[in-house]
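Please read the structure below before turning to the comments.
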Amino acid sequence: MDKKTKFLFVFIVVGLMVFGSAASAMAGKDTDNKWNGDDYKNAGNSNSNREIKNIIVMVPDGCSQSVQTLARWYSGDELQLDSMVSGMVSTYMADSIITDSASAATAFATGYKTSNGFLSVGPNSATLLSTVDESAMAEDYVPLATVLEGAKLEGKATGLVATSEIPHATPAAFASHADSRKSYDDIIEQMVYEDVDVVFAGGEDFLYEARGDGENLIEVLENRNYQFVTTQDEMMDIESGKVWGMFADKAMSPENVREENTPEQPTIEEMTTKAIELLSQDKDGFFLMVEGSQVDWAGHANDPVYMVTDFLAFDEAVEAAVEFAEEDGHTLVIVFPDHNTGGMTIGNRGTSYTDLTVEELVNPLMNGESDNEIGWTTGGHTGDDVPLWSYGPNRPIGLFDNTELATYVADAFCFVLDDVSEELFVDVEEAFPGMWELDTTDTKNPVLVITYNNKVAELPVNKNVMNIDGGAEIYLNGVVVYAAKADNGNGKVFIPQDAVDALKDKNWDKKNK
């Protein structure tokens with residue numbers, strides 16, 4: 001190749017790269033959901049023209065490729081996830097390169113970055129990273145609609161599965177709004193009143209026994225026609241309808257001791273399979289989030305056996321989801337960790353890295369020996385990108401920010417998350433200026449009171465109910481959220497648009513006599 005030909009070749013290649021980058025940048029601005037729909041993110045995708053009716057999001061909390069590799073060696077077999085590798089996910093949060101689980105889940109549930117410990121509310125703008133564009137952030141502390149809430153408004157069935165207690169960070173971010181992940185009383189109350197169709201996890205105590213407000217949320221569920229189960233056998237007997245399954249007082253057992261210590265608890269695969277069986281009965285489709293919660297806890301503990309066995313159990317749940325998706329043809333399965341935890345490595349400072357055998361790696365783990373070939377960099381989280389696995393029509397391929405996964409789901413279901421926020425979270429002061437007060441007579445159970453055109457409406461905070469002039473309860477599309485730190489600490493209360501519409505309906509009295 002002469003110099004002139006070489007120059008022409010390089011010129012063409014560089015030109016194509018520049019043009020591709022420009023086209024990708026422009027493509028990223030064309031969506032209301034702010035998803036960066038770069039062409040390379042779906043290159044080579046099959047079945048891209050099929051309608052997506054169902055979406056299953058699955059999160060092995062707190063891990064990276066290293067546990068996938070170890071799981072393959074440990075089990076002696078390929079994993080379901082091995083055939084699904086499709087990209088990477090960046091995980092930073094609004095105020096740190098290393099995220100926590102609450103802010104990470106907020107990102108892939110709402111499409112917005114937020115601050116440490118926040119659940120589906122806007123960040124504290126005073127603590128943002130220097131590189132974060134403040135204009136792209138949500139308003140401080142205001143509630144943000146989630147993909148689960150959007151799917152529900154579209155008429156789809158919804159479900160949550162986890163091996164932690166249900167108000168823990170990841171499941172909580174899909175069905176509650178709070179500026180502290182520790183506010184379990186508020187979080188699980190919102191989750192109950194969000195009317196999620198199927199919930200399987202641990203955490204029964206937080207529905208009644210461990211509450212500080214006197215509420216019995218088990219009775220609330222039963223009064224709302226939920227079936228309430230506490231064992232694997234009871235869960236398996238459910239054939240249809242709405243259900244909450246609470247299989248432990250707090251978190252469920254780790255997989256490596258579950259069968260010995262708590263054989264009455266279902267596996268994550270069994271919970272996933274049953275959830276899909278129930279949710280798929282909805283003709284409009286469904287959204288399901290499944291979390292292998294304790295992969296992360298094992299990483300914090302630097303416990304490789306705990307980590308790999310919980311990850312393998314999670315992989316079996318993924319296999320169940322993919323089997324359904326294969327048969328259905330209209331189901332998208334998206335799998336990704338929320339962040340890495342522990343920084344696990346295969347090989348440590350004491351490992352002879354050129355002659356490590358399978359037996360030297362696996363046998364100490366099988367025997368529960370602390371002296372093994374696994375290394376750790378931390379007992380906390382790390383800030384590296386994490387894997388993306390996917391299966392189904394129009395599956396995501398490429399490098400995504402975690403916020404883009406929320407908008408990817410919203411696009412697939414044909415709704416815009418900001419529109420859902422407008423439908424679910426109306427600032428009561430904007431709708432009824434000076435006509436409301438927050439009754440805190442019972443400080444643990446505040447009630448919003450609105451007086452409008454000689455009508456008095458009462459809306460308990462964290463619930464999706466309203467009564468007007470002491471009448472029957474009206475069920476709303478979403479819960480009432482009190483954001484105490486919004487508006488520079490003055491606080492704001494948010495109500496669903498259908499509550500506003502009902503109060504402003506001039507014919508309300510005639511309709512309800």
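Just so you know, these numbers use all the heavy atoms, side chains as well, and skip hydrogens, waters and symmetry mates. Note that the structure is predicted; figures quoted are calculated from it, not measured.
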Item to complete: Scan for side chain to side chain donor-acceptor pair (under 3.5 Å) pairs involving residues 422-431, sequence neighbours excluded, and state none if there are none.
Response: Glu429-Trp436
Item to complete: Could you note down all residue pairs passing ring-ring contact (aromatic ring centres under 6.0 Å, His included) where residues 311-332 supplies at least one of them, sequence neighbours left out?
Response: Phe286-Phe324
Discussion item. Going by ring-ring contact (aromatic ring centres under 6.0 Å, His included), name the pairs with one or both residues in residues 144-172, residues two or more places apart or in two chains.
Written reply: His168-Trp297
Selection [range] - residue pairs positive for salt bridge (charged side-chain N to carboxylate O under 4.0 Å, His left out), sequence neighbours left out:
{"range": "residues 228-257", "answer": "Asp205-Lys250, Glu255-Arg258"}
{"range": "residues 307-334", "answer": "none"}
{"range": "residues 101-111", "answer": "none"}

Fill in: Residues which pass salt bridge (Lys or Arg N to Asp or Glu O under 4.0 Å) with Asp195, listed by chain and number, not counting sequence neighbours
Arg224
Go through the structure and list residues passing ring-ring contact (aromatic ring centres under 6.0 Å, His included) with [X], not counting sequence neighbours.
{"X": "Tyr452", "value": "Phe432"}
{"X": "Tyr184", "value": "Phe206"}
{"X": "Phe425", "value": "His177"}

Worksheet item: Do Lys113 and Tyr92 meet the cation-pi criteria used here (NZ or CZ under 6.0 Å from the six-membered ring centre, within 45° of the axis)?
Response: yes
Worksheet item: Under the side chain to side chain contact (heavy atoms under 4.5 Å, CB included) test, which residues partner Val456, sequence neighbours left out?
Response: Val449, Thr451, Asp469
Worksheet item: How long is the span from the CD1 atom in Ile98 to the NE2 atom in His339, to the nearest 0.5 Å?
Response: 10.5 Å
Name each donor-acceptor pair under 3.5 Å that joins a side chain in residues 103-110 to protein atoms two or more places apart or in another chain, with its distance.
residue, atom, partner, partner atom, Å
Ser103, OG, Thr99, OG1, 2.9
Ser103, OG, Asp100, O, 3.3
Ser103, OG, Asp100, OD1, 2.5
Thr106, OG1, Ala102, O, 2.9
Thr106, OG1, Phe118, O, 3.1
Thr106, OG1, Ser120, N, 2.8
Thr110, OG1, Thr106, O, 2.7
Thr110, OG1, Tyr112, N, 3.1

Worksheet item: Looking at Glu215, Glu473, Glu458, which one forms a salt bridge (Lys or Arg N to Asp or Glu O under 4.0 Å) with Lys463?
Response: Glu215
